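Here the structure is a predicted model, which is why all the values come from computation and not from measurement. The residues of the chain are indexed from 1 along the displayed sequence.
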Amino acid sequence: MIRHIVTITLREDASIEDLETFFERLGPISEHPKAIDYYCGWNFQDLGDPCDIGISCSFENHADFEEYMASPHHGPPGEILRIISDHWSVIDYVEGSPLDAKAATRSERG
């Protein structure tokens, strides 16, 4: 299983109208047939490097993830993201148990 997580820190001058447009444009990509359990919500913690919005979804395999990323519906939210945020982070990983995890350098991980 592949997990895709996006965290977004909003610009202080992000408008309500642009935020509404962002969420509207997430609608079509959130319904992508290969996306499993697509979630989006407001952060309620200020731990670490605080962010405002989190998005999370999973995929059965790499091929499904790549199909999702290549979807024409993936671009429109990104266009608004560049207006409402100067900082966002993405992590994509293969889900697994922490007991199975091994330490490795970035080059060893590929």
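Each of Y38 and I5 belongs to its own hydrophobic cluster when Ile, Leu, Val, Met, Phe, Trp and Tyr are linked at side-chain heavy-atom distances under 4.5 angstrom. There is a path of hydrophobic side-chain contacts, each under 4.5 Å, that joins I83 to V90. Linking ILVMFWY residues whenever their side-chain heavy atoms come closer than 4.5 Å, directly or via other members, places M69 and V6 in the same cluster.
The CG atom of D18 sits 6.0 Å away from the OG1 atom of T21 when rounded to the nearest 0.5 Å. E79 CD to H74 NE2: the interatomic distance, rounded to the nearest 0.5 Å, is 12.0 Å. If you take NE2 on H32 and OG on S71, they are separated by 4.5 Å, rounding to the nearest 0.5 Å. Taking CD1 of I53 as the start and CZ of F22 as the end, the distance is 5.5 Å to the nearest 0.5 Å. Residue I8 holds its CD1 atom at 10.5 Å from NE2 of H87, rounded to the nearest 0.5 Å. For the atom pair CD1 of I29 and SG of C57, the computed distance is 8.0 Å after rounding to the nearest 0.5 Å.
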### Message
For I36 and E60: C-alpha separation, side-chain torsions, deciding distance, then whether side-chain contact (heavy atoms from CB on, under 4.5 Å) applies.
### Response
CA-CA 8 Å; I36 302 169; E60 193 66 37; 3.9 Å; yes

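Counting heavy atoms from C-beta outward, T7 and W88 have side chains that stay 4.5 Å or more apart. For the pair L26/C40, a side-chain contact is recorded, criterion being any heavy-atom separation below 4.5 Å from C-beta on. When side chains are defined from C-beta on, V94 counts as touching I2, because their heavy atoms get closer than 4.5 Å.
The two residues S30 and G27 come nearest to each other via the heavy atoms OG-O, 2.7 Å.
Put simply, the side chain of D64 never gets that close to the backbone of F59: no donor and acceptor are under 3.5 Å apart.
Partner H4 forms a side chain to side chain contact (heavy atoms under 4.5 Å, CB included) with one of D92, I91, I55 and no other, that one being D92.
Checked for salt-bridge contact, R3 and D37 meet the test: a charged N lies under 4.0 Å from a carboxylate O.
Taking the ring centroids of Y68 and H73, they lie at or beyond the 6.0 Å cut-off.
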